[in-house]
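Just below is one structure, and these are the notes that go with it.
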Amino acid sequence: MKLYMKQKVMSFVDKFSIYDEFENEAYWVEGDFFTIGKKLDLFDKDNNHKAHIHQKVLSFMPRFFIEINGEDVAEVVKNSLFRQKFSVSGFEWEVEGDFLAHEYEIYRGDYAIATISKEWFTWGDAYSIDIADGVDPVPIISVVLIIDAILAQNNAKITLTIG
């Protein structure tokens with residue numbers, strides 16, 4: 001399954017649209033306004049709530065939870081200060097990214113269940129997501145949203161430090 005995720009730029013809250021390979025909106029995401037820690041909600045095209053993502057604020061390394069049907073089903077933790085490496089406990093996945101933070105693979109054991117490519121030179125963040133057959137897209141999309149949130153937080157820190 002191929003999905004495309006595009007951030008809506010002119011918004012006070014995080015908003016994403018997720019399209020299928022035929023350019024039909026399959027999912028959409030909206031963040032909360034003025035919260036401590038990142039909070040995002042994922043909905044399908046029929047407005048059914050599919051997942052809630054929330055950040056643990058006081059943590060040495062970035063740490064997020066994926067909640068489905070009111071229950072935390074996974075915890076995503078960035079494992080390295082210098083590398084793009086994450087663990088997804090609850091699904092027993094590992095995520096590895098390249099040095100430039102634009103190419104990622106999600107592994108279950110030795111098997112890649114999804115590849116993620118962050119597009120270059122776009123207005124707002126955009127991702128191409130290729131999911132293996134039989135894999136539920138909701139947790140995969142949730143992990144991509146978490147990676148995007150961590151990248152945005154890192155970029156904000158760099159901007160504040162430089163400015």
Side-chain angles (χ1 to χ4, degrees), residues 1-20 23-79 84-91 93 95 97 100-104 106 114-131 135-161 163:
M1 168 188 298
K2 190 89 159 170
L3 297 172
Y4 302 94
M5 186 168 84
K6 177 82 171 124
Q7 182 178 26
K8 294 182 181 179
V9 179
M10 300 301 214
S11 175
F12 288 110
V13 296
D14 287 323
K15 285 189 176 186
F16 291 88
S17 292
I18 299 144
Y19 302 93
D20 64 18
E23 299 182 18
N24 299 312
E25 189 174 46
Y27 299 92
W28 60 277
V29 177
E30 188 166 297
D32 287 346
F33 190 60
F34 284 130
T35 62
I36 296 174
K38 181 71 74 174
K39 294 180 183 170
L40 301 166
D41 287 292
L42 174 64
F43 299 88
D44 68 12
K45 64 182 177 193
D46 298 321
N47 294 327
N48 297 311
H49 188 260
K50 302 307 276 182
H52 175 72
I53 298 160
H54 54 100
Q55 179 180 14
K56 181 175 182 181
V57 180
L58 299 175
S59 177
F60 178 69
M61 297 297 285
R63 184 179 303 268
F64 286 77
F65 296 93
I66 300 170
E67 182 181 304
I68 296 176
N69 296 325
E71 184 177 324
D72 283 340
V73 295
E75 179 181 27
V76 180
V77 179
K78 188 166 193 284
N79 293 338
Q84 298 300 317
K85 190 166 179 146
F86 307 83
S87 63
V88 185
S89 62
F91 296 119
W93 297 346
V95 181
L100 298 173
H102 276 263
E103 303 294 326
Y104 294 87
I106 300 175
T115 58
I116 304 150
S117 296
K118 183 175 182 186
E119 304 295 325
W120 292 92
F121 310 114
T122 59
W123 184 255
D125 293 331
Y127 296 86
S128 173
I129 308 164
D130 195 2
I131 303 170
V135 176
D136 184 2
V138 169
I140 299 289
I141 294 167
S142 299
V143 169
V144 176
L145 290 165
I146 291 167
I147 290 170
D148 180 75
I150 292 170
L151 291 175
Q153 289 171 351
N154 289 344
N155 289 340
K157 287 177 188 172
I158 291 169
T159 302
L160 290 174
T161 303

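Keep in mind the model is a prediction, meaning the values are calculated, not measured.
Using bins of under 30°, 30° to 60° and over 60° for the plane-to-plane angle, the ring pair H49/F43 lands in the perpendicular bin.
For the pair F65 and K56, the minimum side-chain heavy-atom distance is below 4.5 Å. Between K118 and L100, every side-chain heavy-atom pair lies at or beyond the 4.5 Å cut-off. With a 4.5 Å cut-off on side-chain heavy atoms, L3 and Y127 do not count as touching. Contact check for I141 versus F16: no side-chain heavy atoms found under the 4.5 Å cut-off.
Contact detail for E103 and S117: the closest heavy-atom pair is OE1-OG, 2.7 Å. Shortest non-hydrogen contact noted between H102 and E119 is CE1-O, 3.7 Å. For N79 against F86, the heavy-atom pair with the smallest separation is ND2-C, 3.6 Å. Counting all heavy atoms, side chain and backbone alike, P139 lies closest to W93 at CB-CH2, 3.6 Å. The minimum heavy-atom distance linking S142 with I66 is given by the pair CB-CD1, 3.7 Å. Taking both residues in full, the closest heavy atoms of M5 and I18 are given as CG-CG1, 3.6 Å, listed atom of the first, atom of the second, then distance.
D44 places a side-chain N or O within donor-acceptor distance of the main-chain N or O of D46, the cut-off being under 3.5 Å.
Around atom CG of N69, no more than 12 heavy atoms belonging to other residues, nucleotides or ligands sit under 6.0 Å away.
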